[in-house]
Amino acid sequence: MRWGLRPRGPGAAALATARSLWGTPRLPCSPGWQGATKRLLVRSVSGASNHQPNSNSGRYRDTVLLPQTSFPMKLLGRQQPDTELEIQQKCGFSELYSWQRERKVKTEFCLHDGPPYANGDPHVGHALNKILKDIANRFHMMNGSKIHFVPGWDCHGLPIEIKVLSELGREAQNLSAMEIRKKARSFAKAAIEKQKSAFIRWGIMADWNNCYYTFDGKYEAKQLRTFYQMYDKGLVYRSYKPVFWSPSSRTALAEAELEYNPEHVSRSIYVKFPLLKPSPKLASLIDGSSPVSILVWTTQPWTIPANEAVCYMPESKYAVVKCSKSGDLYVLAADKVASVASTLETTFETISTLSGVDLENGTCSHPLIPDKASPLLPANHVTMAKGTGLVHTAPAHGMEDYGVASQHNLPMDCLVDEDGVFTDVAGPELQNKAVLEEGTDVVIKMLQTAKNLLKEEKLVHSYPYDWRTKKPVVIRASKQWFINITDIKTAAKVGGPDALEYVPGQDILDIWFDSGTSWSYVLPGPDQRADLYLEGKDQLGGWFQSSLLTSVAARKRAPYKTVIVHGFTLGEKGEKMSKSLGNVIHPDVVVNGGQDQSKEPPYGADVLRWWVADSNVFTEVAIGPSVLNAARDDISKLRNTLRFLLGNVADFNPETDSIPVNDMYVIDQYMLHLLQDLANKITELYKQYDFGKVVRLLRTFYTRELSNFYFSIIKDRLYCEKENDPKRRSCQTALVEILDVIVRSFAPILPHLAEEVFQHIPYIKEPKSVFRTGWISTSSIWKKPGLEEAVESACAMRDSFLGSIPGKNAAEYKVITVIEPGLLFEIIEMLQSEETSSTSQLNELMMASESTLLAQEPREMTADVIELKGKFLINLEGGDIREESSYKVIVMPTTKEKCPRCWKYTAESSDTLCPRCAEVVSGK
């Protein structure tokens, strides 16, 4: 008979809800309580539920069903990479892509591989990019799609040629352009093989015998066909225009090939252009008694020799000022008078002001060539942010300058050659001098000699550099092919007799056009549109853009549906990788270890893949020893979880031993409920390409929900019940489903580990590749929101109990749970129908020697008891049923002895078995 009163309950409807907790799924419910933590509080508790019974401690060791599996807990040293290579061979990694292409499925997923440069060894940037793509491909393949993924390489251009020239050294001077390109092709082929070998080793799924290469004849033919399509639409034209030019590379650069150095130092100068012919308005404001000059400022003195005009802003106010030092008159923007006077260390007296339009039709003389006139011209690009409000204009060396020259038919002579040195046209004093070095110095001295230099000062500012050579660029005019992208519907007008001239080996398609037209060669079907482009953020102005522009220009549609951008790889402190810092991480060393493997151990490819998936790839991605060690530790914990799962289903056959879901233990049903929620979230995260959240969700589940909670309470049931006991089979039924969902969840990220696990599943006699057996499969009957009320409320009481005995063995205590009559009591009563039990579902959760459930406090208690109070809010049917109940947990030491078989304190003496173990052993 119970010590307390039988609960009267909250009403028939509420009790019906409570009793159906593990029946058919109900509407979502939200548990909440006071006096306890909502999530499972993980505590270090010793005792039967936390330790395996010692199988060598006595005569009962053969009666305990300990885990049995050959799956290793750890792979030490070379075991990890060696096992991965064995798995790749045994599980058919090399045939997987071809196999999936032959499947008859309804959907296809196309990820177009942006071609990396074939210019060197594989690096961690390659690993980041290729592994991200492979995770996406493997998920979509497992989820039922046919994958179209053709790896490619960019085999042309300076990245390769620069490497070849550096290897050739002086020998390159004796070779023709075509001979250098032949050597570049050989170099590219060798680099491709190195990179391809690394990609295969990382587990990247592809048909590696059928890749695309931009130097392939068929690829080039397709590229030229696209070029002709664009030319036929009038989009291609040839023109003499200023472009970013790299003297160090001797080539024009696209915007995407520039890096901006914020610490660049320029020699800025203030120069006077003597007034040659004043505009009518200006003439009326000066008396002719003092020299008048137009005052300009520039950060590129080397462009002064190419000056053709001085520009002003028509709407701005300008001033005629008198310099207190020289008595000369200067014209400059009215807003800049004070700042320029301060910079020149003088004072200006404003004589008069005029509007910018009043400067029209004036001319000044060239500061280095007195008999050459430079007209004053209006221009909207003139600003008042810096300088004098008057801009020196050299059409061959500035984009805006070129626009002014085109509008006013100014000469566009370029005085600088491909090496960045002055040509003979610049005059004997400047000829053969590098414009950014000695040439600048000579120009400044020439201005001093002409008495037209007012001041020189150093200026630290952001300046474009060649991204390959890390050296500054210049702007110079040259004859280039262009594609009109301003309005692709309007054909560009092509003029001049040489518009169609083409010299093989000299007229070269830009490298971005080369790779940007890869969609025309690689993408399948009439639509030729990829589901995904996935590259580094540097490709926003590079391959992404060139692919988009060429595709839209040629056929008026984008070549991709989705674009994903990832960051760059950095050292683990967020610094750039460099040999001088000693922080360069080589992926081959990560996988296979370095020369000193005590400092550079072999982590294997899966650690590299876990690092990629776990990183926030949408920003910069750090890598280093501590990051890799953390990834290895994560996988080690995962291996332990998998080993526990495999070992405890060794005697289980899902086809014959499974328990129907509704007959399973409540906690086992609860784990299936959590498992379905996990599976749904992970599937959605893969679809969103948020692999970092996949890793975090998995890690939380296998550490907190499994290892720290579920595994800690089911060991007694697994090890000490009869082999075929329904309670044990219920647990094993859940473990099989957990194993399957967990393995499939991480398979796209850790393919080697997933395949290794599949080789050790005891109930699969002839294991197939996990990648050939589909994605996660769950059942709708697993979804039982009401179970959360039963388990979470019991766990609230469990946490109160465990929190009261920190560091002690929970099995040495018995627990009395007192709950006031109502819905909460009815729910907990479903976990324990008897008043007191050592084998109930409630006691299993409590991890105590025995649990007692009462509706009223016992009348007598010993002095050494611990009393804990709390409240729990039941919330069912979306809030339609809400009831807050109080509970009390009473903790007291057990009076029983430790069972020599199960180690629970449920025996009458230390030499005798507890009733449960006695029954199990007698039946064996």
Side-chain angles (χ1 to χ4, degrees), residues 115-120 123 125 154-169 172-173 177 180-181 184 187-188 191 241-267 299-303 394 396-399 402 414-423 433-440 459-482 508-516 535-546 568 576-580:
Y117 285 125
N119 69 328
H123 51 72
D154 194 338
C155 313
H156 293 135
L158 279 172
I160 298 165
E161 290 171 15
I162 288 174
K163 283 287 188 74
V164 171
L165 290 173
S166 66
E167 289 186 1
L168 290 173
Q173 298 175 0
I180 291 175
R181 285 175 197 166
F187 179 90
K241 282 186 177 182
V243 293
F244 287 108
W245 187 272
S246 171
S248 54
S249 296
R250 301 183 79 250
T251 187
L253 299 180
E255 282 275 3
E257 297 171 301
L258 300 176
E259 287 181 349
Y260 283 83
N261 177 5
E263 303 299 323
H264 180 81
V265 180
S266 289
R267 297 171 70 179
T299 62
Q300 304 299 314
W302 61 270
T303 63
H397 303 296
M399 310 304 186
Y402 172 81
C414 182
L415 307 182
V416 181
D417 69 10
E418 294 180 350
D419 291 312
V421 302
F422 283 113
T423 65
K433 291 180 172 58
V435 298
L436 292 176
E437 297 168 4
E438 189 183 359
T440 292
L459 175 71
V460 178
H461 64 132
S462 181
Y463 190 84
Y465 275 53
D466 184 333
W467 71 322
R468 300 181 186 92
T469 63
K470 311 302 179 186
K471 293 184 178 180
V473 303
V474 297
I475 295 176
R476 66 180 288 271
S478 68
K479 211 164 218 180
Q480 301 284 335
W481 289 96
F482 295 91
I508 303 166
L509 278 172
D510 184 89
I511 192 169
W512 293 111
F513 189 91
D514 193 31
S515 61
E535 303 298 334
K537 65 180 183 182
D538 56 324
Q539 299 306 318
L540 284 170
W543 188 65
F544 290 147
Q545 178 170 275
S546 61
F568 297 142
K576 285 188 176 181
M577 291 189 188
S578 68
K579 291 181 180 178
S580 60

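Side-chain atoms of K433 never come within 3.5 Å of backbone atoms of E438 as a donor-acceptor pair (strictly under, hydrogens ignored). D419 places no side-chain N or O within donor-acceptor distance of the main-chain N or O of V421, the cut-off being under 3.5 Å. With hydrogens and angles disregarded, no donor-acceptor distance shorter than 3.5 Å links the side chain of S249 to the backbone of S246. For T440 (side chain) and V435 (main-chain N/O), a donor-acceptor pair under 3.5 Å exists by modelled atom type. Side-chain atoms of R476 do not come within 3.5 Å of backbone N or O of W245 as any donor-acceptor pair. Between the side chain of Y117 and the backbone N or O of A188, no donor-acceptor pair lies under 3.5 Å.
Considering CZ of R250 and CG of L165, their distance stands at 10.0 Å, rounded to 0.5 Å. For the atom pair CD1 of I180 and CZ of F187, the computed distance is 14.0 Å after rounding to the nearest 0.5 Å. Here CD of Q539 is found 10.5 Å from CD of Q545. Values are rounded to the nearest 0.5 Å. With rounding to the nearest 0.5 angstrom, the OH atom of Y463 is 4.0 Å from the CD atom of Q300.
Closest approach of H397 to T303, counting heavy atoms only: CB-CG2, 3.9 Å. Among all heavy-atom pairs drawn from P242 and A396, the shortest one is CB-O, 3.8 Å. Smallest separation of non-hydrogen atoms from S546 and G516: OG-CA, 3.4 Å. Between V243 and S478 the shortest heavy-atom distance is CG2-OG, 3.8 Å. When every heavy atom of K163 is checked against every heavy atom of G120, the shortest pair comes out as NZ-CA, 4.0 Å. When all heavy atoms of Y260 and F244 are compared, the closest pair comes out as OH-CZ, 4.3 Å.
Each of K470, K471, H264, E259 was evaluated against Y465; a single residue qualifies, H264, per the side-chain hydrogen bond (donor to acceptor under 3.5 Å, both in side chains) test.
For the pair E263/V460, a side-chain contact is recorded, criterion being any heavy-atom separation below 4.5 Å from C-beta on. For the pair N261 and P472, the minimum side-chain heavy-atom distance is 4.5 Å or more. Counting only heavy atoms from C-beta outward, the side chains of M577 and F568 never approach each other to under 4.5 Å. Between D154 and W543 there is no side-chain heavy-atom pair separated by less than 4.5 Å.
Side-chain atoms of S266 and T299 include no donor-acceptor pair closer than 3.5 Å.
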